[in-house]
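Owing to the predicted nature of the structure, the values given are computational and were not obtained by experimental measurement. So you know, we letter chains A, B, ... as the sequences are listed, proteins then strands, and number each from 1.
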Amino acid sequence: MSNGRFDPNTADRRWQGRWEDARSFRADSSSNKPKTYVLEMFPYPSGRIHMGHVRNYTMGDVIARYRRMQGYEVLHPMGWDAFGMPAENAAMERKVHPGEWTYANIRAMREQLKRIGFALDWEREFATCDPEYYGHEQSLFLDLFEAGLVYRKESEVNWDPVDRTVLANEQVIDGRGWRSGAIVERRKLAQWFLKITDFAEELLEGLEGLDQWPEKVRLMQENWIGRSQGLQFRFRIASPIGDIDSLEVFTTRPDTIFGASFVAVAADHPIAQAIAAQNADAAQFVAECKSGGTSAAEVETAEKKGFKTQIEVVHPLDSSWRLPVYIANFVLMHYGTGAIFGVPGHDQRDFEFASHYQLPIRRVVAQAVELASEPIGNEAEASKGVAVNSRFLDGLTTDQASAEVIRRAELAGWGEGTIQYRLRDWGVSRQRYWGTPIPIVHCPSCGAVPVSRDDLPIVLPEDVDFNKPGNPLDRHPTWKHARCPRCAGTATRETDTLDTFVDSSWYFIRFASQPSDKPFDKDEAEKWLPVAQYIGGVEHAILHLLYARFWTRALERLGRISIVEPFKGLFTQGMVTHETYRAGDGSWLSPDEVKRDGDDWIHIENGEPVTKGRVEKMSKSKRNTVDPEPILMKYGADAVRWFMLSDSPPERDLEWSEAGIEGASRFVQRVWRLAATSACGDGDDISLKRRLHRSIAGVSEAIENLQFNKAVAQLYELTTAIEKADPSATRHEAVRSLILLVAPAAPHLAEECWAELGESAMIASAAWPAFDPTMLIEDEVTLAVQINGKLRDTLTAPRGLDRAAAEALALASEKVRRQLAGATPRKVIVVPDRLVNIVA
RNA sequence: GCGGACGUGGCGGAACGGUAGACGCUGGGGACUUAAAAUCCUCUUCCCCAAAGGGAGUGCGGGUUCGAUUCCCGCCGUCCGCACCA
């Protein structure tokens, strides 16, 4: 065993078995050690682990193992985000039950994860499709329901008339259903919503405290919540239609109120609907607006169009001033009040609309009062300035004028200063089978009634048929028939299931505490929460993270938990990428279908030339994926883990390459050789000792800052230094320390080396090495000598040399004397122990 | 359109305002070997030069500074998020 190569094929399994037997990574909530919670975003059980998972979980594992070695009790769990559409698709395609398919995938992926040797507490594993988990979720839903945070409202969905199913936006391709190819309709269905908007302000303010989150993610959430302050006010309709006698609008620029030329409402605004009911032309225009696409390109190019109604409204600050009302295609029903007043001079959309319909374009804001009569050019001026042509507002700044208009509106009662959010309530209804059933019963006399808690979990029926279109829950022969929990009359179960984002909004709490009689125990959960370090992809920067933050705050409001932010530290890792290859006919080729031929690439099968494309995210469609499993078989877990941490900074993309994994594998063997050949020598090697302590400090710092690529580089340097050193007691000690430093990233190798060095305990329970700060200070330093900022020489000098001595030393340099050629320096800058800059 | 990030050798990337290119990959040369693999040594930013040495250089143009990859201003390019948000 003490010579030859490290053999991961036997070693990996052996140590994984030892860890499992010793329950090395079980998180003990009764431990006296300080606790920490390391979590990676749990995977969807698609059936196979991909490189993105490997990278994500390797990073988390390094943190978890590093913390454990530092003496923390670490919670590092794993589970499965197991509900969702792919299981239903598989059911349709392969005639397997979604549950059967999902659990088979979980078994396969669990084995794959175990093969990589992650320090996970598998005793806490669960899947969100376990009735136990979603039963608790149903009870939490009822908690929110009782707290008034759940409501039902009509909402539009994408409806596939052939498959008779609701489609997600991503399933609508060019206006057609992805499977049926049928033209998708917009249908209104009564759906359940969670009042996330109640928390808009808190969720926004809370971002400020998240100083261990990437700035980018905080900004994305901030923009998503989209707070804007302004005036909400009512126009009186000159001639009321039916019982509608006023029209409410929202503006962020009340200061431009005297620049109004028109008022416009969205096509689905009640006023537009009322008019369309009486006027065929209006009805046609409304229909046209609804059929327009919402893609970025279409929106960009869509012309601003309107339908002029017969209605006029009265200007709130001048009762003799009438404004025409249009139905306009660019006004959105879901923002503000679904109606606007148009100020063409100072809003680009309004400008385009007014130009089209020859409406007045007035200047009411100028950069200076003197410029009041400057005409508006060929685009709107949205910038702030001073009010002009605005009666009593003239001369006030934009902010002052806005405040004044709000003051008058509130005084006179026709409007009030308000805050609008872009954030909308969270629609959680999904017309699908494979999800958490919404625990509600619809009773003809009592309405929507929550299920009795004694009946939880409401379990999905097993005997479902995916061969017919529509929601299997809805057409199941018996499942939906129920008794009303209130009046015991005949009633119908809700057949919608919850959005899978609900499942992932509290799983991190369940990991921390999993009693069987309730979703979690407050005290137990709070031993671990909040998650100290959460790691996942940026694709979840908005929705998942916002929903989880909301859910946690909602539970806090209900007194169920006393934390408000679930994730203290967040890290978003980059993607794993690979080169792409295309055959002559443009079809994508996978990496194992091509080979190198000098500087070119050829198709192995037929020898034809292959075009090498861009490096892109690994994806099935580009066929540039690399399956981790054969790589793990060939190189072992540690080489793969090591490669995942090397080279690229973790927040950036990592390009997979054969050469890269080879390099990682070489390093694993180098460390093994050092351990296998190290002997207890005699004597101190002070320079190696310094090098070692610098490495311990450097690697620790790099891991703390999640700069794994830097930790890796430092370990390479240390390894080289040890290899080059002569045998000594220091060298043997350095090898021991190296093994400890390498352990979080390459744990199997580390265990094997540790045993080889004669240790009887596992390195999994060893302590992280400490460094001696005095060892970081060198007694000789290299002084850079510059002339006018250009490097001319480097000198070795004792540390702590004073300025005069350093200057003298520099001026004595042969190279400096030659460069100066007798000239007298005008000035000399000395940075002690670093450099001397001679200004000539 | 709005918001943000990034731009350094052949490649991935390092560099408290202070020796640019650590470390890895690739490539060249060499050692060991019958040979190969493995391993080890060595070179590898560009230009001039036999060498010693010199010059240029962190997307482009300016600025601040004794000194700028780093700070400031203005461009160019790439990528990401949001998007008719009133």
NZ/NE/NH1/NH2 to OD/OE distance under 4.0 Å, A:Asp399 and A:Lys384 | yes
Kindly check if the number of other-residue, nucleotide or ligand heavy atoms within 6.0 Å of CD (A:Glu723) is above 12?
-> yes
Got a donor-acceptor pair under 3.5 Å from the side chain of A:Lys304 to the base of B:C84?
-> yes
Is there a Watson-Crick or G-U wobble partner for B:A22 with both distances under 3.5 Å, and which nucleotide is it?
-> none
With sugar-phosphate meaning primed atoms plus P, OP1 and OP2, does A:Arg218 contact a base, only sugar-phosphate, or nothing at under 4.0 Å between heavy atoms?
-> nothing
Could you go through the ring-ring contact (aromatic ring centres under 6.0 Å, His included) check for A:Phe341 and A:Phe233 one step at a time?
-> CA-CA 10 Å; A:Phe341 73 93; A:Phe233 71 96; 5.5 Å; yes
Reckon A:Gly226 touches a base, only the sugar-phosphate, or nothing at all at heavy-atom distances under 4.0 Å?
-> nothing
Roughly, in whole Å, what's the span from CH2 in A:Trp642 to P in B:C25?
-> 12 Å
Where the side chain of A:Gln819 is concerned, which of B:A86, B:G18, B:G54 is the nearest nucleotide?
-> B:G54
Where the side chain of A:Phe250 is defined as all heavy atoms beyond and including C-beta, which of B:C23, B:C84, B:A86 is the nearest nucleotide?
-> B:A86
Would you indicate what A:Ser228 reaches in the nucleic acid, counting non-hydrogen atoms under 4.0 angstrom: base, sugar-phosphate, or nothing?
-> sugar-phosphate
Test: A:Arg5 cationic atom under 6.0 Å from A:Trp672 six-membered ring centre, within 45° of axis | no
Return the minimal non-hydrogen interatomic distance between A:Leu247 and A:Val313, and the atom names on each side.
-> CD2-CG1, 4.3 Å
Quick one: which of B:C16, B:C40, B:U26 gets closest to the side chain of A:Glu723?
-> B:C40
How would you label the contact of A:Arg826 with the nucleic acid (heavy atoms, under 4.0 Å): base, sugar-phosphate, or nothing?
-> nothing
Side-chain atoms of A:Arg349 come closest, of B:A83, B:C84, B:C25, to B:C84
Which is true for A:Leu332 with a 4.0 Å heavy-atom rule: it touches a base, it touches only sugar-phosphate, or it touches nothing?
-> base
Consider the side chain of A:Pro649, meaning its heavy atoms from C-beta on, and name the nucleotide among B:G55, B:A38, B:A14 that approaches it most closely.
-> B:A14
Across every strand shown, the nucleotide meeting Watson-Crick or G-U wobble geometry with B:G67 (both distances under 3.5 Å) is none
